[in-house]
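Predicted model, so just to flag it, every value in this text is computed and none were measured. Heavy-atom basis, side chains included; hydrogens, waters and symmetry copies ignored. Proteins come first, then strands; the chains are lettered A, B, ... in the order of their sequence lines, and each starts at number 1.
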Amino acid sequence: MPERLRLAADDGAMLSDHADVARAALSVRGMTVSYGEKPALFSVDATFPVGAMSAIIGPNGAGKSTFLKAALGLVPMVSGEVQFFGQSLAQARARIAYVPQRASVDWDFPTTVIDVVLMGRYRSLGLLRRIGRAEMALAQEALARVGMEGFANRQIGQLSGGQQQRVFLARALAQQADLYLLDEPFAGVDAATERAIIAVLKDLNAAGKSVIAVHHDLSTVVDYFDHVFMVNVRAMAQGPVASAFTTTALSQTYGGRLGAGQLDQLHPAGS
Amino acid sequence: MAGFLDAVLLQAGYNAALVTIGATLLGIAAGTSGTFLFLRKRALVSDAMAHATLPGIALAFLVMVGFGGDGRNLAGLLLGAGASALIGLYLVDWIVRHTRLAEDAAIGAVLSVFFGFGVVLLTVIQSLDRGRQAGLEDFLLGATAGMLMQDAVLIAVGGALVVALIVILRRPMTLVAFDPGHAAALGLPVGRIDLAMMGLVLAITVIGLTLVGLILIIALLIIPPVTARFWTDRVARMLLIAGCVGGAAGYLGAALSATAPDLPTGPIIVLIAAGLFTLSLFFAPRRGVLAAVLARRRFQARVHWRQGLLSLARAEPIHDPLTLRILRAAGAIRPDGVATDKGRALAAKSLRDERRWDIARAIHQDTALTGRYDGLTPIEEVFTADQIADFDARIGAPQPVGAA
């Protein structure tokens, strides 16, 4: 009965594969995205475990932001399959919060800090429901968690870059999601803001939430994250920071763009 | 004048009153839907759309005459206008998506081609026997003379419907205008919400044709929101103010034009809106020109105040008369120029804040912050407590001031 045995084995493999996907906060198979003729991402496979602090790293133009946007359906995929917590994007939508790059919006928009945070509550507010005390309290609490409680009625144009980033994070916190996807949350922010943001993210992580952040500062990967995904159009390496964040993987991902001296300073695993 | 008063009080006859109410509702609807157009930065698309109505109007007239009907049937003309505006809108979109042309170029191309084609058709219609009295050129600048009651009702009902839809859709439209990426990640159908917004603008354009005319309808869509922007920093209030500005312009403009039927309605409505805009431009608090001038003078006083305090802290002599006057008025120095206790305390605090600012500006490169470095804005207003603690940690312990 070799035929049957092989089928059984296949079944088993499929089952374990399925269980694996269900355990992943985000799993991507064969993602290809292209702007025009040139692929920004080519046939990328990636798995981000539930409850992990994951970093997406790679050189400029490697497709890091595109990876998040394609996973969220913001840019179309040429091919590929995306699952969140083993479900489709539509099914898992309420469990996902997205923090875009802060440069992606016009900060002269006529709105206040608290109104931006309340935008995170849209899914429960809907079209016409009035903003009740509970919703307001949630938004205020989210602001307090990023250290901006005194800024609720400030016009957003008066904020510094770091404060803008905190407001974006507060809007995501107000969504009370299980998975937080952040696009370069530390880009161009001051040191105090970077500390505040990483503290919030570590708190979320301690509460069992999953965090996936596009990250550009290689020197903080080991301190901030426990899982890493390296990408440069293709998936280059991934796994726990302790084992996957190696000099070999880095030089493969960044090509000649990192000098040997820079690589040594990072003290990645295995160096 | 008495005639105008009658018109304003809706006493100038049933039709005139109806037109005035219709124009008011149209103004409110145009102001509010224009607010989202403005926030989404798509204001000029509506201009292409409005100009693209002209060939539709002319073709609808020709078709209706061709079938032996009355070419001036308003519903038929507006249907034609809406259809060709939709084609214009689609063309702008198509050009942007499938060529390397930017949106402004696409708008310019569509606007001029459609309008030119429409003018040619109008000329042809005028040369026809039956076209002489068509009065289609009234659609260019708007006219209320000879407007039928059912036309006024159409405008009023259409305007009210648009306002109702905006109230329902204001939240998703705000989300999409501010951060379309985040809105899409929340699961909002961004494309369809944009389509709904353009649909509302299309409705305003079409029902506003008879009153304001296709050349100037963009003014009624854009002037109210930019006027409202001077007065508020919140979308909800901006909608309210833009609606009021548009409504007031429509109301007064229609009343004026009912009094003087020779004046074209559209330009009068637009001029009144422009008047409100000019008032706001100069006199709005914070964002207006006058406020900016006053703020500059306050800023000058703050600079002198800060320089004076820093001079006190460093025990330097002060010679500038304005600085001395400001310090004296605040009780920081005695009439003979010697610092009071209060003055010394303020000086010490300002020196410390100065050190904090030095560090802050070295760390923070944002113009939003350095722009607020004016000496009198407490640093606590600009930075969070943990940020300031970070600065203090870099300064070290407080130092006695004025000892040297």
Taking the side chain as C-beta and beyond, is there a heavy-atom pair between A/Ser160 and B/Val382 under 4.5 Å?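 Not in contact.
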
Using only atom types and a distance under 3.5 Å, with no angle test, would you say the side chain of A/Gln155 pairs donor to acceptor with the backbone of B/Arg234?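 Side chain of A/Gln155 to backbone of B/Arg234: no pair is present.
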
Which answer fits [X], side chain, backbone, both or neither, if we ask what part of it has an atom under 4.5 Å from a heavy atom of chain B?
| X | result |
| --- | --- |
| A/Leu89 | neither |
| A/Ala196 | side chain |
| A/Phe109 | both |
| A/Gln175 | side chain |
| A/Ile96 | neither |
| A/Val116 | side chain |

Considering non-hydrogen atoms only, spot the tightest contact between B/Ala184 and A/Arg93 and give its length.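 Of all heavy-atom pairs spanning B/Ala184 and A/Arg93, the closest is O-NH1, 3.4 Å.
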
Least distance between heavy atoms, B/Gln387 atom then A/Gln163 atom: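 Of all heavy-atom pairs spanning B/Gln387 and A/Gln163, the closest is OE1-NE2, 3.6 Å.
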
Against chain A, label B/Arg229 side chain, backbone, both or neither, depending on which of its atoms sit under 4.5 Å from a heavy atom there.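 Answer is side chain: those atoms of B/Arg229 sit under 4.5 Å from chain A.
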
Non-hydrogen atoms of chain A under 4.5 Å away: do they reach the side chain of B/Ala183, the backbone, both or neither?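 Neither part; nothing is under 4.5 Å.
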
B/Asp386 bridged to A/Arg195 by N-O distance under 4.0 Å: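 No, B/Asp386 and A/Arg195 are not salt-bridged.
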
Basic-acidic side-chain contact under 4.0 Å: B/Asp179, A/Arg102: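 Salt bridge absent between B/Asp179 and A/Arg102.
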
Option that, when pairs with chain B are counted at under 4.5 Å, heavy atom only, ranks first among A/Leu125, A/Leu72, A/Thr193: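 That would be A/Leu125.
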
Name the option with the most non-hydrogen atom pairs under 4.5 Å to chain B; the candidates are A/Val189, A/Thr111, A/Ile156.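 Counting heavy-atom pairs under 4.5 Å, the top option is A/Thr111.
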
Would the number of heavy atoms belonging to other residues, nucleotides or ligands and lying under 6.0 Å from CZ of A/Arg123 be above 12?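 Yes, enclosed.
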
Let's go through B/Arg171 and A/Asp115 carefully: what are the C-alpha distance in whole Å and the side-chain angles of both, what is the deciding distance for salt bridge (Lys or Arg N to Asp or Glu O under 4.0 Å) to 0.1 Å, and is it a yes or a no? CA-CA 11 Å; B/Arg171 222 172 249 161; A/Asp115 282 349; over 6 Å; no

Using 30° and 60° as the class boundaries, would you call the ring planes of B/Phe178 and A/Trp107 parallel, tilted or perpendicular?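 Correct class here is perpendicular.
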
Apply side-chain contact (heavy atoms from CB on, under 4.5 Å) to the pair B/Thr384 and A/Arg166, showing each step before the final yes or no. CA-CA 11 Å; B/Thr384 54; A/Arg166 292 185 197 210; 3.9 Å; yes

How would you list, in number order, the residues of residues 285-297 of chain B that have a heavy atom less than 4.5 Å from chain A?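 Hits under 4.5 Å: B/Arg286, B/Arg287.
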
At a heavy-atom distance under 4.5 Å, which candidate from B/Ala389, B/Gly181, B/Ala236 has the highest pair count against chain A?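 With the most close heavy-atom pairs to chain A, the winner is B/Gly181.
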
Nearest 0.5 Å, please: how far is [atom2] in [Y] from [atom1] in [X]?
| X | Y | atom1 | atom2 | value |
| --- | --- | --- | --- | --- |
| B/Leu188 | A/Tyr122 | CG | OH | 5.0 Å |
| A/Met119 | B/His182 | CE | NE2 | 9.0 Å |
| A/Leu118 | B/Thr174 | CG | OG1 | 12.0 Å |

